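Computation of the quantities below employed the complete heavy-atom set of this structure, encompassing side-chain atoms and omitting hydrogens, waters and symmetry-equivalent molecules. Letters go in sequence order (proteins before strands), and every chain restarts at 1. Keep in mind that what you see is a predicted model, and the values were worked out from it rather than measured.
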Amino acid sequence: MPELPEVETVRRGLEPVMLDRRIERIEVRRFDLRGRIPKNFADDIAGQKVSRLLRRGKYILAEMENGEGFGLHLGMSGRIKIQPDGTVAESPKQTTHDHVVFTMADKTKIIFNDPRRFGMLFRVGKKWDSEKPFSAMGPEPLGNSFNGPVLEKKLLKKNAPIKTVLLDQNVVAGVGNIYACEALFLAGIHPTKKSSAVRGKKIEALVRAIQKVLNLAIEAGGSTLRDHRKTDGSEGYFQHNFSVYDREGRTCPGCTCDLAKTGGIRRITQAGRSTFYCPRKQK
DNA sequence: CTCCTGTCCTGCCGGC
DNA sequence: TGCCGGCAGGACAGGA
């Protein structure tokens with residue numbers, strides 16, 4: 001589920017309850033998420049104040065007052081639930097996959113829930129930027145270091161289809177299956193086009209398309225297909241603004257095709273993932 | 001090295 | 001209604 005906009009939505013939801021607040025206690029109920037939560041995780045982190053709350057790609061990073069901290073990845077189905085002290089109890093079904101519970105000094109509970117357990121929770125050092133997943137990670141698409149020339153350099157090195165390459169976090173951070181499809185549609189680029197064959201103005205268009213779709217999705221609170229929720233439990237609504245994703249056989253925005261003739265938006269499989277595109281507008 | 005496939009895990013949806 | 005196969009927003013190992 002969570003791509004950059006969903007993760008950013010969650011990060012923003014965490015700010016008011018976690019930033020500059022002390023974590024009193026951490027209860028890890030299940031350690032066997034992806035990569036396993038380190039045994040000492042709770043002891044290492046609890047008792048400290050959160051001094052910064054960042055996002056890098058699809059990861060949320062919490063930096064503690066001693067400069068170290070932790071990383072959180074929501075995987076496919078991860079959610080963060082925030083419960084003020086005294087919240088009414090949830091049903092067993094809602095709490096079954098509550099794997100980690102952070103209790104803040106003011107007794108607010110921050111719960112990491114993840115049915116599929118593809119999520120990750122791990123420690124990072126002061127120089128997390130030069131550690132494992134982050135050191136090789138591509139630029140932040142909404143930051144200053146993402147532009148045509150930077151993207152072009154990366155795309156030139158690849159022979160895989162452009163859609164597949166956009167999913168590579170070392171090319172650009174935070175883009176996943178939904179927003180790769182949407183950005184390619186906006187830029188008018190066919191998803192099977194070879195990465196290295198996307199050149200010049202198309203690259204500029206792709207940069208703008210990625211930025212546009214991510215910004216719009218953040219404003220909408222992300223896309224809720226099944227799992228994504230804001231930290232208050234409400235849904236994002238960008239899924240209502242999809243141009244092609246999950247719209248096989250339907251028309252794209254502003255479409256003038258005869259659906260009966262064209263069959264509308266197509267769905268193909270690339271590198272094991274569904275790709276949606278408009279064969280008329282994407283070349 | 002690059003690229004693709006399979007795998008991790010659970011839940012849900014559609015078809016029969 | 002009930003069961004079963006297929007599919008899902010991600011990341012990564014391993015094989016070609």
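Nearest nucleotide to the A:E3 side chain, out of C:dA11, C:dA8, C:dG10: C:dG10. Closest to the side chain of A:R273, out of B:dG11, C:dA11, C:dG10, is C:dG10.
No donor-acceptor distance shorter than 3.5 angstrom exists from the side chain of A:R21 to the backbone of A:A105, with no hydrogens or angles considered.
Protein atom CE of A:M137 is 13 Å distant from nucleotide atom P of C:dG10, rounded to whole Å.
Among residue pairs with one or both ends in residues 199-209 of chain A, none qualify as side-chain hydrogen bond (donor to acceptor under 3.5 Å, both in side chains); sequence neighbours excluded.
Note on A:H73: a side-chain N or O is less than 4.0 Å away from OP1 or OP2 of C:dA11. One finds a side-chain N or O of A:H97 lying less than 4.0 angstrom from the OP1 or OP2 phosphate oxygen of B:dG11. Using a 4.0 Å cut-off, some side-chain N or O of A:Q169 falls inside it from OP1 or OP2 of C:dA11. For C:dA8, neither phosphate oxygen OP1 nor OP2 lies less than 4.0 angstrom from any side-chain nitrogen or oxygen of A:S77.
When hydrophobic residues (I, L, V, M, F, W, Y) are linked wherever their side-chain heavy atoms come within less than 4.5 Å, the members clustered with A:M137 are A:L54, A:Y59, A:L61, A:M120, A:F122, A:V124, A:W128, A:F134. Hydrophobic cluster membership for A:L167: none, as no Ile, Leu, Val, Met, Phe, Trp or Tyr side chain comes under 4.5 Å of it.
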List, with names and distances, any nitrogen or oxygen atoms from the protein found under 3.5 Å away from nitrogen or oxygen atoms belonging to nucleotides 2-6 of chain B.
residue: B:dC3; atom: OP1; partner: A:N159; partner atom: N; Å: 2.3
residue: B:dC3; atom: OP1; partner: A:A160; partner atom: N; Å: 2.9

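For DNA chain B, the stems formed by at least three consecutive Watson-Crick or G-U pairs, with both atom-pair distances below 3.5 Å, span B:2-8 with C:10-16, B:10-16 with C:2-8.
Across all strands, A:R30 comes closer than 4.0 Å to no nucleic acid atom at all (heavy-atom distances).
Remark: the A:T192 side chain and the A:Y277 side chain contain no N/O donor-acceptor pair separated by less than 3.5 Å.
Within a heavy-atom distance below 4.0 Å of DNA chain B, the residues of residues 111-125 of chain A found are A:P115, A:R116, A:R117, A:F118.
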